[in-house]
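Take a look at the structure set out below.
Everything numeric in this text was worked out from a predicted model, so none of it was measured.
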Amino acid sequence: MATKRIAVVTGGNKGIGFAIVKELCAKFDGFVYLTARDEGRGKAAVEQLEKLGFSPKFHQLDIDDSKSIANFASYIKNTYGGLDALVNNAAMAYKMAATEPFGEQAENTIRVNFFANLAVCHALFPLLRPHARVCHVSSSAGHLSVINGDEPAASQLKAKLAADTLTEEELCDLMNQFVAAAKDGTSRKQGWSASTYCVSKVGISALTRIQQRAFNTDPREDLVVNCCHPGYVDTDMTSHKGPLTIEEGAACPSYLALLPPNISEPKGAYLWHDKRVVDWTGPSPGAY
């Protein structure tokens, strides 16, 4: 009997993540796992999808909790032996009116949006089967052009982040440097964006390129990772200001999770919500 194919979506109980689960349930040949930090909300989302005729599965996963990540990875390994598609969608963002100190916002945003997603990769990448597909949900805020602090520091930072030799360890160090600079008030002088969310998503976009280089030398055949800007979507995170529906926001992440076997591109790429590959190191593609 053929091994059942498995897809996983993090942060799947609402918004874009919910719509990605719905899209994958319609198109993915296998089981689709809706994961969520809160078990009650996650199961309620599954029930909502079941009423629409879909059959997602649920497992609790808090990406900001190492035990939760380990439990989920063990479950997938012991139950299915592997994984075929992963969409890292879970993230957080402070509102514009947030009153927490900038350093605190930086520490929490980088911890969740960058380091927690990286921890999920460390736990689940060993389970990826040949031809597996990974999509990181980045943002227009994750384009390299948002690194727009004081010059010439910003240009030097962008060169480091864009380097084809950048390692995961070096990228982690840069993320930590930003948090330290945010706490001591020097982040703009060091070239960073004034937005902690922007820096966290730039980190995810840069990580994508590093991970694809590793996949290119992996003995498992045809592993592909990309990241994308899902669009400015009507969600809680945008305070429902985005013009796009969650289904429109799910289009590109779902497309990347469903890429067919043995493609030559996109690989390690940054895509816009309309599925265009955009030069991550070039000029800004625009706000939406």
Would you be so kind as to tabulate the donor-acceptor pairs closer than 3.5 Å made by side chains of residues 262-270, with sequence neighbours excluded?
from	atom 1	to	atom 2	distance (Å)
Tyr270	OH	Ser139	O	2.8

Ring pair (Phe, Tyr, Trp, His ring centres under 6.0 Å) against [X], all qualifying residues, sequence neighbours excluded:
X      : value
Phe102 : none
Phe178 : Trp192
Phe215 : Phe125
Phe114 : none

Report task. For Gln156 and Glu151, run side-chain contact (heavy atoms from CB on, under 4.5 Å): C-alpha distance rounded to whole Å, both residues' side-chain angles, the deciding distance at 0.1 Å, then the answer. Result -> CA-CA 8 Å; Gln156 293 169 354; Glu151 291 292 350; over 6 Å; no
Query raised in the report: At their closest point, which heavy atom of Cys252 faces which heavy atom of Leu271, and how far apart are they?
Result: SG-CB, 3.8 Å
Requested in this report: Considering non-hydrogen atoms only, spot the tightest contact between Ser187 and Ala182 and give its length.
Outcome: CB-N, 3.9 Å
Query raised in the report: Looking only at atom types and distance, does a side-chain atom of Gln105 sit under 3.5 Å from a main-chain N or O of Glu100, one as donor and one as acceptor?
Result: yes
Within a strict 4.5 Å, meaning less than it, do heavy atoms of the [X] and [Y] side chains meet?
X      : Y      : value
Cys121 : His136 : yes
Leu161 : Leu144 : yes
Lys57  : Val32  : no
Arg213 : Asp164 : yes
Gln212 : Val224 : yes
Pro56  : Val46  : yes
Leu171 : Asp173 : no
Ser74  : Lys77  : no

Requested in this report: Applying side-chain contact (heavy atoms from CB on, under 4.5 Å), name anything that partners Leu244, two or more places apart in sequence or on another chain.
Outcome: Val233, Glu248, His273
Query - Partners meeting side-chain contact (heavy atoms from CB on, under 4.5 Å) with His59 (sequence neighbours left out) - result: Tyr33, Phe72, Tyr75
Consider only side-chain heavy atoms of I, L, V, M, F, W and Y, link residues closer than 4.5 Å, and tell whether [X] and [Y] are in one cluster.
X      : Y      : value
Leu174 : Val179 : yes
Ile69  : Val134 : yes
Val225 : Val87  : no
Ile110 : Leu166 : yes
Leu223 : Tyr80  : yes

Of all residues at least two apart in sequence or in a different chain, which pass the salt bridge (Lys or Arg N to Asp or Glu O under 4.0 Å) check with [X]?
X      : value
Asp64  : Arg111
Arg188 : none
Arg129 : Asp84

In residues 197-206, what donor-acceptor pairs under 3.5 Å come from side-chain atoms, sequence neighbours left out?
from	atom 1	to	atom 2	distance (Å)
Ser200	OG	Asn113	ND2	3.1
Ser200	OG	Tyr197	O	2.7
Lys201	NZ	Val137	O	2.8
Ser205	OG	Ser138	OG	2.8
Ser205	OG	Gly142	O	2.9
Ser205	OG	Lys201	O	3.0

More than 12 non-hydrogen atoms from neighbouring residues, nucleotides or ligands closer than 6.0 Å to [atom1] on [X], yes or no?
X      : atom1 : value
Lys158 : NZ    : yes
Lys95  : NZ    : yes
Arg41  : CZ    : no

Could you pull out all donor-acceptor pairs under 3.5 Å where a side-chain atom in residues 19-26 meets a protein atom, sequence neighbours excluded?
from	atom 1	to	atom 2	distance (Å)
Lys22	NZ	Glu247	OE2	2.8
Glu23	OE2	Lys27	NZ	2.7

Query - NZ/NE/NH1/NH2 to OD/OE distance under 4.0 Å, Lys67 and Asp62 - result: no
Report task. Salt-bridge test for Arg133 and Asp222: reply yes if a basic N is under 4.0 Å from a carboxylate O, no otherwise. Result -> yes
Requested in this report: Determine, stepwise, if the pair Tyr255 / Cys228 fulfils side-chain contact (heavy atoms from CB on, under 4.5 Å).
Outcome: CA-CA 10 Å; Tyr255 160 74; Cys228 67; over 6 Å; no
Report task. Could you please spell out the steps behind the salt bridge (Lys or Arg N to Asp or Glu O under 4.0 Å) verdict for Glu39 and Lys43? Result -> CA-CA 6 Å; Glu39 190 162 338; Lys43 288 183 174 177; 2.9 Å; yes
